[in-house]
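Comments concern the structure below.
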Amino acid sequence: MALKTNTILICAGGGCISAGEESVKQAFERKLKEYGLDTVVSVVETGCMGACSLGPLAVIYPDGVYYQKLTPKAAEKIVEEHILKGRVVPEFLFEGEKEKLTIKEKPSTEIPFFAKQVKIALRNVGVIDPLSIEEYIARDGYFALHKALTQMTPEEVIKEIKDSGLRGRGGAGFPTGLKWELARQQKSDVKYMICNADEGDPGAFMDRSILEGDPHSIVEAMTIAGYAIGAQKGFVYVRAEYPLAIERLQKAIEMAHEYGFLGENIFGTGFSFDIEIRIGAGAFVCGEETALMHSIEGKRGQPRVKPPFPVQKGLWGKPTVINNVETLALVPPIILKGASWFRQYGTEKSPGTKVFALAGKIKNTGLVEVPMGITLRELLYDIGGGHPQGKQIKAVQTGGPSGGVIPAEFFDTPVDYESLGKLGAIMGSGGMIVLDEDDCMVDVAKFFLEFTVDESCGKCTPCREGTKVMYDILDRITKGEGTMEDIEKLEQLAQVIKDSSLCGLGQTAPNPVLSTLKYYRHEYEAHVKEGKCPAKKCKAFISYVIDSEKCVGCTACARVCPVNAIHGEVRKVHEIDQEACVRCGSCIEVCRFGAISKVTPAIVGSVTK
Amino acid sequence: MDRATLRNIIDELKSEQLEEQDILIYLLHKVQDYYQSHYIPPEVGEMIAEELNVPPSKVYEVLTFYTMFSTKPRGKYIIRVCTSLPCHVPGGREIVEYLKKKLGVNFGETTKDGLFTLEETGCLGLCGVSPVIMINDQYYGDLTVEKVEEIIESLKGGDAK
């Protein structure tokens with residue numbers, strides 16, 4: 001093998017692929033070949049590097065220079081300049097901060113987006129070629145499995161995980177070690193280990209990134225877990241919406257078999273374990289553990305009453321442990337480096353790190369892994385870079401349809417299970433959707449309820465009917481037909497649904513409504529009492545108006561209006577016919593003079609019923 | 001699909017999997033992939049029941065529970081639009097409206113030429129590049145109305161991946 005002078009890591013996470021990663025990679029390879037460099041420079045596709053909004057991304061090693069928003073042309077230039085002549089190409093450098101566009105020698109320590117992160121679950125994601133088992137092994141992969149099987153008893157493995165204080169990263173935060181211990185204590189000839197990769201919370205995509213970027217970590221962790229609880233079979237339940245994750249995981253399982261890390265008599269210890277993939281078919285509720293097991297069994301994915309818990313009676317009635325992807329990804333490092341090493345990060349009750357997915361109105365969207373206990377402010381501003389247009393961030397929504405909103409005044413709260421719970425939000429799976437002043441809280445709540453109505457499996461009445469009634473009320477409010485009694489009814493219903501639903505989906509479904517009511521009741525009341533939508537989002541409460549001082553009569557708006565509601569002569573002030581206007585917003589986008597704006601309440605006579 | 005083809009698929013699956021009880025969902029995926037119009041005809045559903053030796057009602061209850069399965073023929077391209085909040089916030093609503101207008105169909109409907117079916121989906125986990133759509137197995141992110149138009153036109157031209 002020829003010695004390599006450079007390695008180009010190119011991010012092949014879902015975000016970068018959709019932004020054209022493949023053609024960039026081909027351009028790199030074509031140009032390298034042209035200069036005869038293809039033998040000394042390797043191009044490696046990695047998992048998600050995290051900064052999805054700046055994709056496609058690439059890093060050139062050994063220099064460690066990050067390039068962003070690549071195109072095939074950019075790739076060619078980087079080969080000609082950087083690889084061939086050793087000159088960094090400034091126009092495609094990763095922007096830490098726009099105004100300080102300097103050459104970053106070591107981006108991982110200098111760019112805040114990378115510097116404040118501690119990567120444990122994501123340790124290999126974006127660093128190695130996910131399809132190469134050798135690269136995984138080179139990063140201490142399968143060392144933990146070897147240690148567990150050859151130097152530790154199952155009880156010792158469980159103790160290490162218990163001591164580490166690891167809690168389930170899927171949302172509820174149940175202690176992982178305790179779950180394993182309970183399963184270990186069950187007397188049964190057959191036990192199962194399941195990895196829950198049915199990631200469905202809107203706004204969360206860490207599990208997907210781990211499966212796509214470091215599938216071997218899941219294979220290794222599941223085998224360790226199987227050894228600890230006494231299972232010989234494992235299942236990974238992946239949603240069908242993640243074809244790339246399925247493909248890479250399948251490949252990883254095959255490779256592990258070839259190397260003897262999976263299958264019969266692993267490492268010659270007599271322990272045997274095998275893993276199979278099961279694919280969902282588009283049902284959010286299958287992320288709930290009892291529904292998930294039903295789906296693996298080939299049935300409708302409907303939850304059942306607990307107890308018995310899965311560790312007592314799980315898949316096909318056998319004791320079963322179900323862990324989420326991110327939780328499992330943390331297991332090998334804990335086994336290898338020890339519980340106290342893990343505990344140096346995070347807080348007393350929430351040790352370790354957590355991966356968050358930043359989305360919505362934030363500059364650096366993507367995946368970040370930080371120690372628990374970091375404040376929301378650090379997370380959103382130092383790492384996330386704040387609002388993309390510098391506007392005020394109004395709130396952040398955590399925990400998806402089971403969670404709630406956290407207003408800006410609480411941004412100094414440390415991020416851990418307990419603190420977020422106290423605010424009426426939840427850690428959830430780690431999705432964070434950033435909202436600004438243009439986002440209406442009633443609309444946000446309605447949005448999540450719509451989601452729950454769609455995804456409710458229909459088994460229990462409170463969830464099936466109750467969420468629908470709540471949705472209808474919210475819909476009425478956003479259309480200008482709500483009353484004050486409606487708001488009270490919302491609160492009552494929310495409580496009933498929380499108390500009486502069968503599974504986690506229903507029990508948490510009212511949270512988005514309750515938390516927006518808690519912090520933004522005035523927005524609900526503005527809709528009902530004053531006919532206003534403070535965020536100017538709900539169409540029933542807004543009108544578009546033209547500022548006669550700013551309008552120059554360019555006719556751009558009149559031409560774009562789909563219903564011909566804008567009238568006026570060339571070079572004269574235009575006017576919007578409020579009766580005809582459908583409030584599509586096209587005119588605002590085309591006006592180059594900032595002459596059109598939204599007002600609330602709507603101009604009288606224009607509210608469409 | 002005739003019975004022999006179905007049997008072949010079933011045999012293949014049985015050799016792939018450790019457990020046989022749970023073959024149904026995987027089988028339905030395979031059958032659906034077999035048809036270019038991405039669906040499972042009712043008579044094939046009955047055949048599946050006979051071959052797996054389960055009541056037709058069981059096949060049907062599973063078939064209708066999961067949103068990814070269809071008993072009606074769908075388009076060559078299934079466009080799944082993410083309608084979750086992270087896509088809604090940065091302009092997903094406009095994408096939905098545009099697609100409905102451009103294709104002249106609502107969610108769950110197929111265009112007359114049999115090319116496109118428009119469907120809603122939950123979060124696709126690509127929130128970093130929202131709004132996002134998925135067409136068959138391909139993702140498209142950072143969408144604008146112009147980009148969507150380009151994609152649809154190129155698919156109509158037949159140069160889809």
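Residue numbering restarts at 1 for every chain, and letters A, B, ... go by the order of the sequence lines. The figures that follow rest on heavy atoms only: side chains count, while hydrogens, waters and symmetry mates do not. If you're wondering where the values come from, they're calculated on a predicted model, not measured in any experiment.
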message = Any side-chain to backbone donor/acceptor pair from S84(B) onto C123(B)? Under 3.5 Å, distance only.
response = yes

message = Need one label for F284(A): side chain, backbone, both or neither, based on atoms under 4.5 Å from any heavy atom in chain B.
response = neither

query = Is it true that D438(A) and K394(A) make a salt bridge, defined as a side-chain N closer than 4.0 Å to a carboxylate O?
reply = no

Proximity breakdown for I433(A) and chain B, heavy-atom pairs closer than 4.5 Å = side chain

query = Y242(A) ring centre to R208(A) NZ or CZ under 6.0 Å, with the angle to the axis within 45°?
reply = yes

ask   = For Y139(B), is it the side chain, the backbone, both, or neither that has a heavy atom closer than 4.5 Å to a heavy atom of chain A?
value = both

task = Check each atom of D201(A) against the heavy atoms of chain B and say whether the ones under 4.5 Å are side chain, backbone, both or neither.
result = backbone

query = Quick check: does any side chain N or O of S130(B) sit under 3.5 Å from a backbone N or O of P86(B), one acting as donor and the other as acceptor?
reply = yes

message = Report which part of E241(A) has an atom under 4.5 Å of a heavy atom belonging to chain B: side chain, backbone, both, or neither.
response = both

query = Does K76(B) offer a backbone N or O that forms a donor-acceptor pair with the side chain of N136(B) under 3.5 Å?
reply = yes

inquiry  = Treating S23(A) as the side-chain partner and G20(A) as the backbone partner, does any N or O pair qualify as donor plus acceptor under 3.5 Å?
reply    = yes

message = Need one label for C457(A): side chain, backbone, both or neither, based on atoms under 4.5 Å from any heavy atom in chain B.
response = both

key: Residue part contacting chain B, namely of R300(A), when any heavy atom lies under 4.5 Å   = both

request  = State, yes or no, whether a side-chain contact exists between V442(A) and T516(A) at a heavy-atom distance under 4.5 Å.
outcome  = no

remark   = Interface check, chain B: of E455(A), K299(A), E450(A), Q397(A), most non-hydrogen pairs under 4.5 Å belong to K299(A)

ask   = Any idea which heavy atoms bring V129(B) and S18(A) closest together, and the distance?
value = CG2-OG, 3.7 Å

request  = Heavy-atom distances under 4.5 Å only: say whether L435(A) touches chain B with side chain, backbone, both or neither.
outcome  = side chain

request  = Check whether S209(A) gets within reach of chain B through its side chain, its backbone, both or neither, counting any heavy atom under 4.5 Å.
outcome  = neither

key: E97(B) portion near chain A, given a 4.5 angstrom heavy-atom threshold   = side chain

query = At a heavy-atom separation under 4.5 Å, does A357(A) approach chain B through its side chain, its backbone, both, or neither?
reply = neither

note = Most heavy-atom pairs under 4.5 Å with chain B, out of G14(A), G366(A), A359(A), P243(A), belong to P243(A)

query = Is E12(B) salt-bridged to K14(B), going by a charged N under 4.0 Å from an acidic O?
reply = no

key: Most contacts with chain B, counted as non-hydrogen pairs under 4.5 angstrom, among S295(A), G50(A), G400(A), G360(A)   = S295(A)

Side chain / backbone / both / neither for R93(B) at chain A, heavy atoms under 4.5 Å = side chain

message = Please identify which of these residues, L27(B), V44(B), I40(B), meets the side-chain contact (heavy atoms from CB on, under 4.5 Å) condition with Q32(B).
response = I40(B)

